[in-house]
Amino acid sequence: MTLNDFWLIIRHYAKWVIAVPLVCALVLGVLTCVFDHTRGKNFAASASLTITDSTALLGTTSILNLMEVLAQNELALASDEEMTVEAVADPATQSVVFTASGSSENGVIAAANDIADRTAELTKQALIDQGEVYLNVVDEATPEGESPMSLSGVTAADRIAALRSCAFTVSEAKEAIANGAGGALKYAGVGLVGGLFLVICALALVDSARRPIKGDAGVAAVTDIPVLSRGSDATAGERLWLNVQFCTDKPLDSLCLIPLSGSADMAMGSVLSDAIENMRSNSVKAGRLDTGDCENQPSIVCCDSLQKDILGAHTARESSAVVVIVQAWRDTEEMLHDTLSELKLADAPVVGVALTD
């Protein structure tokens, strides 16, 4: 199946492509709202703790990991069944985000801010302790009378000063967000995208199974006989009549129309008859035909489809020319192949195909 086939399917079944995703979005959105209403309103608030090393002597990634570990320890000690708090490190912003969720709007704000403040204080104290340990180790390893230096050429005093000068910024939570509207919109979006995907896949599967004739390409996939007209209006009738005359070099006493599906009372028969009458009348007025020539108007014979009545093949055999009527999107390539095979066995003079809406 080509991209053009996909586009034709979407355009032809536009109502389904629009309606199904909208219904899926509406259903999921309503179900989410009902679920949230029965479960009770839930709130979420977020605060963040960011580290800044103004000296650029420290690896902030390691300090960020330390903050996350201390935060997780605090969360384990301050567990609450009515409220949950999560801490997630974000290396891109060198920060830890604390998200509290629960049924109390003010409670989640206070919880997120409190855990962020406590983590900041614990990290500051941990860095101070680390500086003191580092200083003791360097003093013990430095010979008497020499200046203590680290491997990178930075003095112990500089590194300790860097540890103590790290800035911790707490961006406090100011408001809590209710999960009702946001959740409903999110799941409505999921329903919209999912419904669109499902309806397109379903239509593509049905199209691959049925192989309906969508246009000239569908006819060309089965046979090399020409498409004489497209549509079922007066212009299509005139075009069909002219092309039928172009396709045969013998007088047309009768023209047989055989549809792939349906019965003999097809609209194309009356459209073609009206087109022939109008064209002959206009030719007489213009002087291209004598009035006597109008009496030689061929008869239009409309048959049932060969699936419905095989006797139509006999009528086609006795006619001067045969046109196969194909209804786009309703008739399939298999139906066209079977009908043409029957007409070939009957030695019917098939001159072309008329594609109708």
Side-chain angles (χ1 to χ4, degrees), residues 1-20 196-248 255-276 279 300 302-308 312 316 321-344 348-357:
M1 181 175 292
T2 64
L3 290 176
N4 184 59
D5 290 329
F6 269 113
W7 168 244
L8 291 175
I9 291 172
I10 292 173
R11 189 174 64 176
H12 183 73
Y13 297 106
K15 293 181 179 179
W16 287 98
V17 173
I18 294 174
V20 172
L196 181 62
F197 176 77
L198 289 177
V199 71
I200 291 179
C201 288
L203 292 175
L205 288 174
V206 172
D207 183 83
S208 298
R210 289 190 67 247
R211 289 184 302 161
I213 297 175
K214 309 178 187 68
D216 292 13
V219 176
V222 179
T223 180
D224 58 354
I225 63 176
V227 177
L228 304 180
S229 67
R230 300 165 188 84
S232 55
D233 56 5
T235 302
E238 294 176 359
R239 185 182 299 275
L240 175 59
W241 173 235
L242 287 175
N243 286 333
V244 167
Q245 295 179 84
F246 296 153
C247 291
T248 180
L255 177 60
C256 179
L257 303 182
I258 294 187
L260 294 187
S261 60
S263 56
D265 56 346
M266 69 183 82
M268 199 61 196
S270 59
V271 170
L272 182 59
S273 298
D274 294 340
I276 294 174
M279 292 178 68
I300 307 299
C302 298
C303 299
D304 291 332
S305 65
L306 299 187
Q307 293 179 336
K308 186 176 181 180
V322 178
V323 174
V324 178
I325 308 299
V326 177
Q327 297 185 61
W329 293 96
R330 177 179 175 179
D331 297 333
T332 65
E333 295 178 9
E334 182 181 5
M335 294 168 61
L336 178 59
H337 177 271
D338 293 344
T339 297
L340 291 178
S341 298
E342 292 286 353
L343 292 175
K344 184 177 181 180
V350 179
V351 294
V353 169
L355 269 175
T356 63
D357 302 324

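This structure is a prediction, so every number in the text was calculated from the model and none was measured.
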Practice problem: Search all heavy atoms of Ala321 against all heavy atoms of Val244 and return the closest pair with its distance. | Solution: CB-CG1, 4.4 Å
Quiz prompt | Closest heavy-atom pair and its distance - Ile300, Ser273 | solution = CG1-OG, 3.6 Å
Quiz item: Do Met335 and Ser305 come close enough that some side-chain heavy atom pair is under 4.5 Å?
Solution: no
Exercise. Mind checking the CD1-CG spacing from Ile9 to Asn4? Nearest 0.5 Å is all I need.
Key: 10.0 Å
Quiz prompt | Atom pair CG/OG1 of Leu260 and Thr356 - distance to nearest 0.5 Å | solution = 9.0 Å
Practice problem: Evaluate the side-chain proximity of Leu8 to Asp207: yes if any heavy-atom separation is below 4.5 Å, no if none is. | Solution: no
Quiz item: Between CG of Leu240 and OG of Ser232, what distance do you get to the nearest 0.5 Å?
Solution: 11.5 Å
Practice problem: Nearest 0.5 Å please: distance from the CE atom of Met279 over to the CD atom of Gln245. | Solution: 6.5 Å
Quiz prompt | Glu334, CD atom: more than 12 neighbouring heavy atoms under 6.0 Å | solution = no
Quiz item: Quick one: are Thr248 and Pro349 in side-chain contact, heavy atoms under 4.5 Å?
Solution: no
Practice problem: Identify the heavy atoms of Ala275 and Ala234 that sit nearest to each other, and give their distance. | Solution: CB-O, 4.3 Å
Quiz item: Within a strict 4.5 Å, meaning less than it, do heavy atoms of the Leu355 and Ile213 side chains meet?
Solution: yes
Self-check item: 4.5 Å side-chain heavy-atom contact, Val17 and Arg11
Solution: no
Self-check item: Heavy-atom side-chain contact between Ile225 and Val351 under 4.5 Å
Solution: no
Practice problem: Not counting sequence neighbours, which residues clear side-chain hydrogen bond (donor to acceptor under 3.5 Å, both in side chains) with Arg230? List them please. | Solution: Asp216
Practice problem: Taking the side chain as every heavy atom from C-beta outward, state whether Gln327 and Pro259 have any pair of such atoms under 4.5 Å apart. | Solution: no
Quiz item: If you look at every heavy atom in Val324 and Val350, which pair is closest and at what distance?
Solution: CG2-CG1, 4.2 Å
Quiz prompt | Test ring pair (Phe, Tyr, Trp, His ring centres under 6.0 Å) applied to His12 - qualifying residues, sequence neighbours left out | solution = Trp329
Quiz prompt | Residue pair Cys256 / Cys303: nearest heavy atoms and the distance that separates them | solution = SG-SG, 3.5 Å
Quiz item: Within a reach of under 6.0 Å around CZ of Arg210, are more than 12 heavy atoms found that belong to other residues, nucleotides or ligands?
Solution: yes
Self-check item: pair Leu255-Leu272: side-chain heavy atoms closer than 4.5 Å
Solution: yes
Exercise. Indicate the atoms forming the closest heavy-atom contact of Leu196 with Val199, along with that distance.
Key: O-CG1, 3.2 Å
Quiz item: When rounded to the nearest 0.5 angstrom, what is the spacing between CD in Glu238 and CG in Asp274?
Solution: 10.5 Å
Self-check item: Straight-line distance of Ser341 OG to Leu306 CG, nearest 0.5 Å
Solution: 10.5 Å
Quiz item: Within the distance-only criterion (no hydrogens, no angle test), does the side chain of Thr339 pair as donor or acceptor with the backbone N or O of Leu336 below 3.5 angstrom?
Solution: no
